[in-house]
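Residue numbers start from 1 in every chain, and the chains themselves are labelled A, B, ... in the order their sequence lines are given, proteins ahead of strands.
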Amino acid sequence: MKKGDHLFLIDGSGFIFRAFHALPPLTRKSDGLPIGAVSGFCNMLWKLLTDARDTSVGVTPTHFAVIFDYSSKTFRKEIYDAYKANRSAPPEELVPQFGLIRQATRAFNLPCIETEGFEADDIIATYARQAEAVGADVTIVSSDKDLMQLVTPMVHMYDSMKDKQIGVPDVIEKWGVSPEKMIDLQALVGDSVDNVPGIPGIGPKTAAQLLEEFGDLESLLARAGEIKQVKRRENIQAFAEQARLSRQLVELRTDVPLELDLGALLLEPQDGPKLIGFLKAMEFGTLMRRVAAACDCDANAIEPVTIEVEWGAEARGPDLDAASSADTGEAAADAPANPAKAVVAKSTDGATPAELADTRIASFANAKIDTTSYVTIRDIEVLDDWIKAARETGLVGFDTETNSLDPMQAELVGFSLAIADNTGNPSGLEVRAAYVPLTHKTGVGDLLGGGLAENQLSPRQALDRLKPLLEDPSVLKVAQNLKFDYLVMKRHGITVKSYDDTMLMSYVLDAGKTTHGMDTLSERWLNHKPIAFKDVAGSGKSGVTFDFVDIDRAATYAAEDADVTLRLWMVLKPQLAAMGLTRIYERLERPLVEVLARMEERGISIDRQILSRLSGELAQKAAAFEDEIYELAGEKFTIGSPKQLGDILFGKMGLPGGSKTKTGQWSTSAQVLEDLAAEGAALPRKIVDWRQLTKLKSTYTDALPGYVHPETKRVHTSYSLASTTTGRLSSSEPNLQNIPVRTAEGRKIRTAFIASPGHKLLSADYSQIELRVLAHVADIPQLRQAFADGIDIHAMTASEMFGVPVEGMPSDIRRRAKAINFGIIYGISAFGLANQLSIERSEAGDYIKKYFERFPGIRDYMDSTKAFAREHGYVETIFGRRAHYPEIKSSNPSMRAFNERAAINAPIQGSAADIIRRAMVKMEKVLGDAGLGERVRMLLQVHDELIFEVEDADVEKAMPIIVSTMEQAAMPAISMKVPLKVDARAAANWDEAH
DNA sequence: ACGTACACCTA
DNA sequence: GTAGGTGTACGTC
């Protein structure tokens, strides 16, 4: 090898794992042999050997080698026994592919290199340094960070899946240090996957900063005393040796004894027939034809070679799994046909929705936003002109400015409008915006100030002009998080009609990918960073409410919001059509804005006396516990501090610690304390009880009265429509979706949620909605039958699994089946089920196996959902809502597994969420048609439950209407294969109604 | 004043 | 094992 040569080193072992998880998982040969990783590997090799110039590497190789790990017994294991100790066995489907990939390498006429006692990384390091020494360029095909320490101006890495080359600047950009410092950085940070310990509390950012300051690891350890942060200093001093050990583990060896020298890696011409024989045997038709064309061979004349398959010791034969190979990728196959997907509608300018979407994205990403062009409106004639323009275009961006984030308390300070003058232009780039200040004040907080600033339109006059525009159904109002503005305007006597909400559009398109706040969306779609609120109003102590912001600064900020919102609408609206998601947006999102606004506006009544009495009781009981706890501990301490508590329990008292938290502290979770109590220790039980009491007191009885609105005297929660990945709502300030119900003590809090005089609270909840959804989507005969017959579903499961008759089922057996049923919905793992049931993981694994034997359709459903998620990056509910899981191909196994479980759960949880959303949207009309419009008021939603306030006389009439609306909510979009069941009760308070 | 860790409340 | 929000302690800015 000489200067100018180019050596390619393929990290074969790394590729196998990465390909396995990146590619469709159940790709199999016709005999059932899983070959997804092999296929990806062959395609990559061919691309690098023939078309490397077309990749971001840009050069073709002169020398080439594929490197593999030999076994797990390496020198690292010798110096640190726990190295890679928490690696689990490779997935079953992967086992035979290790051997096949070596066979593939040989079929490509490439050297296949491995050395006992060393990892592939060390061999790569050795070759890379040798090649560099003779002046050759090196490309390491891998994206493993462990190899980044090798990068130099001569040595690059190449991520073949992202087609991305990684050089010195890329390493610095990603890790904050140059490649030669990567070893020290990894020594500090550690690696949970390989079980390299590092130093606790040091992550990549901190490590990079420390190395920047101290130069290298040894200097840092020597001068650790100079570090100001106490905790950090102590950790670095305490774990110095651990860091040195970690450094030894992560530093790659460059002195591995090698059988083949560099010259032996010279790239040989392909042996066409040999390669084709292999590809044919593997049934890689496309690649085979490509190779045949390139080599001028007749593939038909070549016999497939015999493939030797090495299954792992415990793996099953290749012929057992034909059933699951055929029908993968069919998740949610019976989602309703969406016309927008099937029929490509033509838009006005002749482009398809997809083309229009692309055009819009491109033009708005490049359009500069000129914030100096905004207008401040101080004359009624000017406002009239803007309103007239909005009427002419039929489209207006709208935003309110207030003095509070709470729409029930907020007073209007001003509003802004944005107008697109040339809507006929497909790029729609002409946007102008204006701010109308109404109640800005003078003198920022000074004692003389507080008067109304001059030269503002009177709110009364301006709103009189604005009202007809906002209420005109022929003018589309576009806002970001409209529910806020809707409520504010409603409290000023204006009911917005015809609207779009850019936040919800983004949510429908991208749930799971990003958050949907305006600043995020603007940076993403418009390449524009809007003025931050805190830059105009300050924050914290020096922060002021918007009415004290100087009008000129306020105008720029406010007008920009309307401008950005309207631009976002132009970008997002066509994407909804292009992606076939318009119906989701229009039926499940947009109409909920006003439904939820009304629910929030109504609020719910609470009895402060009950809460205050409860608070007193809880305080007394907690105080009694505190005395006993101090007595048992022998000293006073902060019981609420897990750290101090841990010191008492596991240090002073010497109790055996159970598990550790991820920061290395002893866990003091309820589970651990319960276990200690079971061993006979007195203190842990008291702590658990104390925690329960203080939790109830601080979070509920003490906090809730603070949320009572000064005028309505009711509690108005705020629902978020766009903060979950699955489609559920969330509730905050206060969260009324987590009011206690499980314990008798907790339920007392529910008695404080009361109906107004002359009314009842009516609670209606779906019974087992998620299991019913599962029975529907996975189409499980026994589950469908059980639900159709109204049988106890957990007992039925137990009966199927354990062969116990449903009659006289022991409660413990049923409990286990119930945990399994929940586990299935949550994307079951043996680990989780074992935890839940306090049993061994192996036993939990047996249960799961048994369950899948009894309900093979569930396993198929889970597999196909995973495969769909991996292929597309998202999953769908039965109505077509998407939940994205961009990390599902993560190379971190636990991260990946987590995403897989979430992706399995999302269609179930999300479909249930969609069903109750549909019920909510329909509910008001149904009640109105029954003449109950004002007499039955929907107040709260708790995921599978709706709470209404109903006039006493109307309870009997309302109940069946509510129940039937909820039970029929999936219709007509989806005809469920199992009936939905709703239970309802009415009572004076929420506890009795539930 | 703000962010993170931990614990714990709900479906 | 899924999806959320909030309170307390404790750290850093």
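- Side-chain atoms of A/Gln737 and base atoms of B/dT10 include no donor and acceptor less than 3.5 Å apart.
- With sequence neighbours excluded, the residues satisfying salt bridge (Lys or Arg N to Asp or Glu O under 4.0 Å) with A/Lys652 are A/Glu635.
- Within the 4.0 angstrom heavy-atom criterion, base atoms lie near A/Arg728.
- In the set B/dT10, C/dT2, C/dG5, the nucleotide with an atom closest to the side chain of A/Ala902 is C/dT2.
- Residues meeting the side-chain hydrogen bond (donor to acceptor under 3.5 Å, both in side chains) test with A/Asp792, sequence neighbours left out: A/Arg814.
- Picking from B/dA7, C/dG5, C/dT2 the nucleotide with the shortest atom distance to the side chain of A/Arg691 gives B/dA7.
- Within the 4.0 angstrom heavy-atom criterion, no nucleotide atom of any strand lies near A/Ala897.
- The side chain of A/Tyr826 lies closest to B/dA11, out of B/dA7, B/dA11, C/dA3.
- Counting any heavy atom pair closer than 4.0 Å across all strands shown, A/Ile739 reaches sugar-phosphate atoms only and no base atom.
- Residues passing the side-chain hydrogen bond (donor to acceptor under 3.5 Å, both in side chains) test with A/Arg854, sequence neighbours excluded: none.
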Which nucleotides of nucleotides 8-13 of chain C have their base under 4.0 Å from a protein heavy atom (B), which only their sugar-phosphate (S), and which neither (-), written as one string 5' to 3'? SSS-SS
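- Contact of the A/Glu617 side chain with the A/Leu614 side chain is registered, since non-hydrogen atoms from C-beta on lie closer than 4.5 Å.
- The A/Ser539 side chain lies nearest to B/dC2 when the options are B/dC2, C/dG4, B/dT10.
- Residue A/Asn738 places its side chain closer to B/dC9 than to any other of C/dT6, B/dC9, B/dC2.
- Atom CD in A/Glu733 sits about 6 Å away from atom P in C/dT6, given to the nearest Å.
- A heavy-atom distance below 4.0 Å to DNA chain C is reached by none of the residues of residues 938-946 of chain A.
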What side-chain donor-acceptor pairs closer than 3.5 Å can you find for residues 836-847 of chain A, not counting sequence neighbours?
unit_1   : atom_1 : unit_2   : atom_2 : d
A/Glu843 : OE2    : A/Tyr847 : OH     : 3.2
A/Tyr847 : OH     : A/Arg816 : NH1    : 2.4

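- Residue A/Pro740 has its side chain nearest to B/dT10 when only C/dG4, C/dT2, B/dT10 are considered.
- Among C/dT6, C/dT2, B/dT10, the nucleotide with an atom closest to any side-chain atom of A/Asn905 is C/dT2.
- Residues meeting the side-chain contact (heavy atoms from CB on, under 4.5 Å) test with A/Lys621, sequence neighbours left out: A/Leu693, A/Glu745, A/Lys748.
- Toward the 5′ end of DNA chain C lies the nearest nucleotide of A/Ile820, the other residue of the pair A/Ile820 and A/Asn735 mapping further downstream.
- By the ring-ring contact (aromatic ring centres under 6.0 Å, His included) test, A/Tyr826 pairs with no residue at all, sequence neighbours left out.
- Here A/Ser539 pairs with nothing under the side-chain hydrogen bond (donor to acceptor under 3.5 Å, both in side chains) rule; sequence neighbours left out.
- A/Ser730 has a side-chain polar atom (N or O) that falls below the 4.0 Å cut-off from OP1 or OP2 of C/dG5.
- Considering only side-chain atoms of A/Gln692, the nucleotide from C/dA3, C/dT6, B/dC9 that sits closest is B/dC9.
- Crowding of A/Gln620 atom CD: a count of heavy atoms from other residues, nucleotides or ligands under 6.0 Å not exceeding 12.
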